[in-house]
Amino acid sequence: MSEAMQAVIDWGFKIFNLHRIEAACFTRNSGSCRVMEKSGMRREDLMRGYYRKNDRFEGLYSYAILRTDRE
């Protein structure tokens, strides 16, 4: 999964000339958090009770990477 995430980030910066790429994951999903961090993304925010899933409110972590982070 880390390789796929890295490929998507590379694609966004090279093909679409993006300045910023964002992603989010549930706070209890440590695997997804690790994938984003390994790809160079930084955790920016915690959104508590942001999403309702199966009658339960879940928090999300927000991640982002800037083109300048890769240079």
Side-chain angles (χ1 to χ4, degrees):
M1 196 56 166
S2 295
E3 291 176 14
M5 181 70 149
Q6 194 62 52
V8 169
I9 290 171
D10 290 343
W11 184 61
F13 287 142
K14 290 177 185 174
I15 303 302
F16 292 103
N17 200 31
L18 297 175
H19 170 70
R20 177 183 172 92
I21 297 173
E22 301 174 359
C25 66
F26 290 118
T27 55
R28 60 184 172 84
N29 190 340
S30 60
S32 289
C33 293
R34 279 194 303 275
V35 166
M36 287 188 243
E37 290 166 1
K38 281 178 66 175
S39 69
M41 299 185 91
R42 297 181 190 175
R43 187 183 299 174
E44 294 189 331
D45 198 8
L46 164 62
M47 296 172 278
R48 299 179 307 130
Y50 185 81
Y51 188 82
R52 187 175 183 166
K53 182 178 179 182
N54 299 329
D55 294 326
R56 179 177 162 190
F57 288 97
E58 300 276 350
L60 292 179
Y61 285 129
S62 166
Y63 286 84
I65 187 169
L66 302 178
R67 172 187 296 280
T68 55
D69 293 339
R70 309 282 303 278
E71 298 172 350

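All values below come from the heavy atoms of this structure, side chains included, with hydrogens, waters and symmetry mates left out. Since the model is a prediction, treat every value here as computed from it, not as a measurement.
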Minimal heavy-atom distance between M36 and C25, with the atoms involved, is CE-CB, 3.4 Å
Applying salt bridge (charged side-chain N to carboxylate O under 4.0 Å, His left out), name anything that partners R43, two or more places apart in sequence or on another chain.
E37
Looking only at non-hydrogen atoms, find the nearest pair between L18 and R67 and report the distance.
O-NH2, 3.0 Å
Roughly how far, to the nearest 0.5 Å, is CD1 of I65 from NE2 of H19?
11.5 Å
Only distances under 3.5 Å count here; give the side-chain donor-acceptor pairs of residues 46-54 to other protein atoms, sequence neighbours excluded, each with its distance to 0.1 Å.
unit_1 : atom_1 : unit_2 : atom_2 : d
R52    : NH2    : D55    : OD1    : 3.2

Sort and list the pairs that fulfil salt bridge (charged side-chain N to carboxylate O under 4.0 Å, His left out) and have at least one residue in residues 16-26, not counting sequence neighbours.
R20-E22, R20-E44
Under the rule for side chain to side chain donor-acceptor pair (under 3.5 Å), what residues qualify as partners of N29, not counting sequence neighbours?
S32
In a table with atom names and distances, give each donor-acceptor pair under 3.5 Å that connects a side chain of residues 1-16 to protein atoms at least two apart or in another chain.
unit_1 : atom_1 : unit_2 : atom_2 : d
D10    : OD1    : R70    : NH1    : 3.1
D10    : OD1    : R70    : NH2    : 2.5

Apart from L66 itself, its cluster of hydrophobic side chains linked below 4.5 Å comprises none
Who passes side-chain contact (heavy atoms from CB on, under 4.5 Å) against S30, sequence neighbours left out?
R34
Within this structure, what is the CE-OG distance for the pair M41 and S62, rounded to the nearest 0.5 Å?
8.0 Å
Return each pair, listed once, that meets ring pair (Phe, Tyr, Trp, His ring centres under 6.0 Å) where at least one residue sits in residues 52-71; pairs must be two or more places apart or across chains.
none
